[in-house]
Amino acid sequence: MRDWLSHRVASSPDEAALVRAADGEAWTYTDLDRLVSETAGRLVAHGIEAGDRVGVITPPYVGTVGLVHAAMRVGATFVPLGQELTPRELSERIEVADLSAVICAEPTEEDALAAVDCVDDTPVFSVDEPTDSAVTAVHCVEPDPVDEPEWALDDRLCILFTSGTTGEPKAVPLTAGNVYSSAVASAFRLGVDPGDRWLVSLSLHHMGGLAPVYRSALYGTTLVLREGFDPGGTADDIDTYDVTGVSLVPTMLKGMLDSRGTLSDSLRVVLLGGAPAPNELLERCRDYSIPVYPTYGMTESASQIATATPRQTRRRLGTVGRPLFGTDVTVVDEDGAPVDAGETGEIVVDGPTVTPGYLIDPAEGEGSSPTLDRSAFGPHGLHTGDVGKFDENGYLYVLNRLDDRIISGGENVEPGEVADVFREFDGVEDLSVVGLDDYRWGERVAALIEVEDPETEPVEEAALDAFARERLSGFKIPKTVAFVDELPRTVSGTVDREAVREALRERGRALAGGSEPELETAGFEPAHLSEPPDSGSGEPVDGDRDGEAPDDGDETDRSASEGSEETAEPVEIADADAVASGDDGPDGTESPGESGGEPVAEPSESGSEGD
């Protein structure tokens, strides 16, 4: 097959492909195809060819959407890189993915240059006018003819990043078949309508933001693109542009409800993932008839693994539903053997949406290009590192991580990476980084820091904060700290992590003189924060963590669905799972699909897909 946009423009040339939320400017599929053809031709003129890996670190411009499709038209692998990453973090990703080129914009040019400084032969291009002579403007050459390649299902379409248990970035290659199969399975679960409009406010380097870009071309629906997130503005855009679907993480949804009270009744699907969703938020959505679909997904599965419909969660608060069509989910014990319904174990995933493996840095492999690491795979598929269980009716519940990974506002934070940076600071002897329950963010990063004498020789906290912010993204900086002369340890000498949490709960505070606390979550920064309800303690209650999802850098990132068809009539795509089980549609009527009828409200969760 050719690139998906070229197929779509032949089928739906005059349909709306893209709307820019900032000003309402719209592009038909013909308009978008013209932009992509020109961009692809310029990339070819700059030497980009089939098989290359193109890193993109640009804001969520219309041109960024064009680059997604242009890479596919050229036959190159699209590698989105997060704007919030430091040059050190960007450089790690550039090396692991063995990028052929990096494309930046004016706001990201300085970081892009710093990131490639230690990487040989990686040219930097800009979609804007460069400010540094080392950067070449994409538009400085005339487009060359493009010899459009044929894509096979096992060709690498994109590479996204998540973090491993050691804190090192893990490169996740997704094939054309992975993303295509995910789009099909999502359509079966959520349904598609030719008039669907999917709002993207998640960062495009997360699967939850990138998946709708690919899916809109496959479905023939409209993508509404926001250049950033703020609660009130995003809620208003849903109303202004008659948006029918949106992917959110819980803190985003809560902020929107706090800002506007409810959301437009144009919504058919709110796909909620990337972090655990408090039951209070889910019940609030139900009260306002907001159609929330709790989802569990990950970057490695090209987004959704399991998704619950509003009707399914009505009597099963905390579930993330049944696996999507074609996806096999097995819960296994410590020996890798499947467990019975009701028993907990590690979630293992298999099927056509699952990545073929993780990329190994070329410097660590045997060849000159990245090879695949499949050590996380077993007889039943990819071991996710998440703990969960099935109930007797086949509904999945995600409980927590096997390791100590912190999921804060939809972003994965590896304690080891944070600790390694802090240990480099003069005066820090050791530390333990843990997650503390947080009403707004699910978990907040906290650190108990061991120094020689916290009373007579205190650490310069403002300098420590500045030191860390030069080396870590803002969401990884501990929001709560305490200083001790010795970390609590067990009799075996290991750090007693529960004692660490207790110490932080008792005397933890923000770093003195540090920057204003920030949390860059899933590509958004909250405009304001609200206090927890008076009736609660602010701490999540039992069950709030069901549905936690791994990254996506993740993400995971988690994802969404859109719509397709050339006919004027709405198209309902039946969910094979619902047909087999006899589940009603979300409007409470018997329905072959789970997307038709009037939207009902329901919450969501996810298992870093935010996608």
Side-chain angles (χ1 to χ4, degrees), residues 16-27 31-32 35-36 39 55-70 78 80-85 103-112 126-129 138-139 197-217 221-243 245-249 251-253 255-256 259-260 264 274 409-411 473-475 518-528 552-553 555 557 559-560 562 610-611:
L18 180 64
V19 175
R20 183 166 56 203
D23 56 12
E25 186 173 356
W27 286 258
D31 297 331
L32 182 59
L35 169 65
V36 168
T39 302
V56 175
I57 174 172
T58 60
Y61 295 154
V62 168
T64 306
V65 174
L67 284 168
V68 173
H69 294 298
F78 181 77
L81 301 168
Q83 288 179 260
E84 77 279 7
L85 297 174
I103 300 176
C104 66
E106 188 276 329
T108 59
E109 181 180 311
E110 183 178 345
D111 284 347
S126 178
V127 296
D128 295 322
E129 196 63 41
V138 172
H139 58 265
R197 290 183 160 214
W198 200 275
L199 177 67
V200 173
S201 56
L202 292 170
S203 173
L204 297 183
H205 76 280
H206 285 274
M207 200 64 219
L210 183 60
V213 177
Y214 288 120
R215 291 179 183 180
S216 61
T221 52
T222 303
L223 191 75
V224 180
L225 184 67
R226 274 191 63 86
E227 295 184 5
F229 173 81
D230 74 82
T234 302
D236 292 343
D237 284 345
I238 291 173
D239 187 37
T240 300
Y241 297 110
D242 294 323
V243 167
V246 62
S247 297
L248 299 170
V249 300
T251 47
M252 297 171 79
L253 178 57
M256 293 164 70
S259 179
R260 295 295 186 264
S264 171
E411 290 282 8
S473 301
F475 63 82
E518 60 180 291
L519 188 59
E520 301 162 333
T521 58
F524 77 97
E525 195 168 344
H528 60 79
D552 90 56
E555 204 225 211
D557 297 287
S559 73
E562 346 237 335
D611 324 173

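Thr234 contributes a side-chain N or O that, together with a main-chain N or O of Asp230, makes up a donor-acceptor pair within less than 3.5 Å.
Remark: Asp31 pairs with Thr28, Arg34 by the side-chain hydrogen bond (donor to acceptor under 3.5 Å, both in side chains) rule, at least two apart or across chains. With sequence neighbours excluded, the residues forming a side chain to side chain contact (heavy atoms under 4.5 Å, CB included) with Glu129 are His139, listed by chain and number. Applying the side chain to side chain contact (heavy atoms under 4.5 Å, CB included) rule to Asp111 yields the partners Pro87, Leu90; only residues at least two apart in sequence or on another chain are considered. Applying the ring-ring contact (aromatic ring centres under 6.0 Å, His included) rule to Tyr214 yields the partners Trp4; only residues at least two apart in sequence or on another chain are considered. Every residue meeting the side chain to side chain contact (heavy atoms under 4.5 Å, CB included) condition with Ala235, not counting sequence neighbours, appears here in chain and number order: Met256, Arg260, Leu263. With sequence neighbours left out, Ser126 forms a side-chain hydrogen bond (donor to acceptor under 3.5 Å, both in side chains) with no residue at all. Among residues two or more places apart in sequence or in another chain, the side-chain hydrogen bond (donor to acceptor under 3.5 Å, both in side chains) test is passed with Glu109 by Thr131. Shown here are the side chain to side chain contact (heavy atoms under 4.5 Å, CB included) partners of Ala21, two or more places apart in sequence or in another chain: Val224, Arg226, Asp237, Tyr241. Checked against salt bridge (charged side-chain N to carboxylate O under 4.0 Å, His left out), Glu110 has no partners two or more places apart in sequence or in another chain.
Atom OG1 of Thr222 sits about 8.5 Å away from atom CG of Leu18, to the nearest 0.5 Å. For the atom pair CG of Leu248 and CG of Leu202, the computed distance is 6.5 Å after rounding to the nearest 0.5 Å. Separation of atoms CD (Glu84) and CZ (Phe475) is listed at 5.5 Å; rounding is to 0.5 Å. For the atom pair CH2 (Trp198) and OG1 (Thr221), the distance works out to 9.0 Å, reported to the nearest 0.5 Å. Expressed to the nearest 0.5 Å, how far SG of Cys104 lies from CG of Leu81 amounts to 11.0 Å. To the nearest 0.5 Å, the span separating CD on Gln83 from OG1 on Thr58 amounts to 7.0 Å.
Shortest non-hydrogen contact noted between Leu223 and Ser216 is CB-OG, 4.2 Å. The heavy-atom pair separating Pro107 from Asp128 by the smallest distance is CD-OD2, 4.0 Å. Closest approach of Pro231 to Ser259, counting heavy atoms only: CB-CB, 4.1 Å. Closest approach of Gly66 and Val36 over heavy atoms only: O-CG2, 3.8 Å. Between Val62 and Leu225, the shortest heavy-atom distance links the atoms N-CD2, 3.8 Å. For Ile238 against Ser264, the heavy-atom pair with the smallest separation is CG2-CB, 3.8 Å.
No side-chain heavy atom of Glu25 sits under 4.5 Å from any side-chain heavy atom of Val19.
For the side chain to side chain contact (heavy atoms under 4.5 Å, CB included) with Leu67, the qualifying choice from Leu204, Thr39, Val138 is Thr39, the only one to do so.
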For a side-chain contact (heavy atoms from CB on, under 4.5 Å) check, start with the C-alpha distance between Phe78 and His69, then their side-chain angles and the critical distance, and finish with the verdict. CA-CA 9 Å; Phe78 181 77; His69 294 298; over 6 Å; no
Could you walk me through whether Ile57 and Ile103 satisfy the side-chain contact (heavy atoms from CB on, under 4.5 Å) test, starting with their C-alpha distance in whole Å, then the side-chain angles of each, then the deciding distance to 0.1 Å, before giving a yes or no? CA-CA 6 Å; Ile57 174 172; Ile103 300 176; over 6 Å; no
